[in-house]
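Okay, structure first, notes after.
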Amino acid sequence: MTITDLKFIAGVDVAYWEVEGIEWGVCSIIVIDYATKVVIEETNSMGIIAVPYIPGYLAFRELALVIEAAKKLTHAPDLFMFDGNGYLHPRHMGIATHASFFLNKPTIGIAKSYLKIADAEFKMPENRAGSYIDIIINKEIYGKALRTHQGVKPIFVSCGNYIDLPTATTITEQLINSESRLPIPVRLADLATKRNRRLLRDL
DNA sequence: GCGACAG
DNA sequence: ATCTTGTCGC
């Protein structure tokens with residue numbers, strides 16, 4: 001995978017709500033033009049969520065909706081960014097990695113907090129935009145804690161699949177604006193998911 | 001039994 | 001993730 005081949009990049013997220021003891025979820029996928037950052041497309045899917053949240057098993061809870069929303073896309077993304085980990089996972093199989101086998105596209109994992117692996121801790125990157133620290137466990141780089149803005153918590157970037165960490169990091173950094181510590185596609189998917197939830201639950 | 005815990 | 005008001009800061 002080469003950065004110069006990238007045209008469309010997708011951000012994926014899921015939001016939840018409950019109705020009479022039943023949990024529902026809505027998945028939103030936002031596709032933007034990598035060069036201009038303009039939104040090209042949005043697709044959604046919604047359904048009952050039957051799988052509970054268990055740390056390490058997020059994909060089993062969210063993937064069905066993700067795949068359903070991805071099927072509706074008319075502009076095939078060249079890469080998908082997820083709200084959650086990829087290789088930075090106890091079995092190297094976070095949702096970003098797991099999803100790649102269904103999407104058949106490069107994926108990147110972007111987590112907002114650290115999923116502790118084998119009691120391994122990480123040092124916080126220094127407090128300035130762009131600083132990062134590799135998360136190394138048993139001499140292997142799982143991902144990195146990346147500070148996208150000064151004075152804000154770092155995000156955790158890891159490979160999903162079909163991409164290397166330096167490339168994933170470069171792409172992530174190029175999609176950061178002043179609006180959020182998260183890359184634009186993930187941030188927009190997060191906003192879309194909450195907007196759609198408001199519309200759906202008030203139905 | 002207690003603490004930890006992506007979303 | 002979600003439940004939630006005001007509030008501090010750029």
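Below, read A as the first sequence line, B as the second, and so on, with proteins coming before strands; counting in each chain starts at 1.
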Applying the Watson-Crick and G-U criteria (both distances under 3.5 angstrom) with [ ] for crossing and | for other-strand pairs, one obtains for DNA chain C ..........
Cation-pi geometry met for K105(A) and F80(A) (6.0 Å, 45°): no
State plainly whether the residues D78(A) and K7(A) are in salt-bridge range, i.e. N to O under 4.0 Å. no
Between R61(A) and E23(A), does any NZ, NE, NH1 or NH2 come within less than 4.0 Å of an OD or OE carboxylate oxygen? yes
Dot-bracket for DNA chain B, 5' to 3', with Watson-Crick and G-U pairs under 3.5 Å, [ ] for crossing pairs and | for other-strand pairs: what is it? .......
So that I know where these two stand, are H89(A) and Y142(A) an aromatic pair - ring centroids less than 6.0 Å apart? no
Ring-ring centroid check Y34(A) F8(A), cutoff 6.0 Å: no
Say you pick atom C1' in dC5(B) and the same atom in dT2(C); how far apart are they, in whole Å? 16 Å
Span that lies between the C1' atom of dG1(B) and that of dG6(C), in whole angstrom: 39 Å
Donor-acceptor pair, side chain of [X] and main chain of [Y], under 3.5 angstrom:
{"X": "S28(A)", "Y": "A189(A)", "answer": "no"}
{"X": "S180(A)", "Y": "L182(A)", "answer": "yes"}
{"X": "D190(A)", "Y": "V186(A)", "answer": "no"}

Applying side-chain contact (heavy atoms from CB on, under 4.5 Å), name anything that partners S131(A), two or more places apart in sequence or on another chain. P125(A), E126(A), R128(A), R147(A)
Any residue meeting side-chain contact (heavy atoms from CB on, under 4.5 Å) with T74(A), in chain and number order, not counting sequence neighbours: E41(A)
Quick one: do the N44(A) and E68(A) side chains pair a donor with an acceptor below 3.5 Å? no
Quick one about Y53(A) and E62(A) (side-chain donor to acceptor, distance below 3.5 Å, no hydrogens or angles considered), yes or no? no
Heavy atoms under 4.0 Å is the rule here; annotate nucleotides 1-7 of chain B 5' to 3' with B where the base is hit, S where only the sugar-phosphate is, and - elsewhere. ----BBB
Option from T148(A), I171(A), L146(A) for which side chain to side chain contact (heavy atoms under 4.5 Å, CB included) with V157(A) holds: L146(A)
Walking along DNA chain C from 5' to 3', note the first and the last nucleotide with an atom under 4.0 Å from a heavy atom of chain A, and give both. dA1(C) to dC3(C)
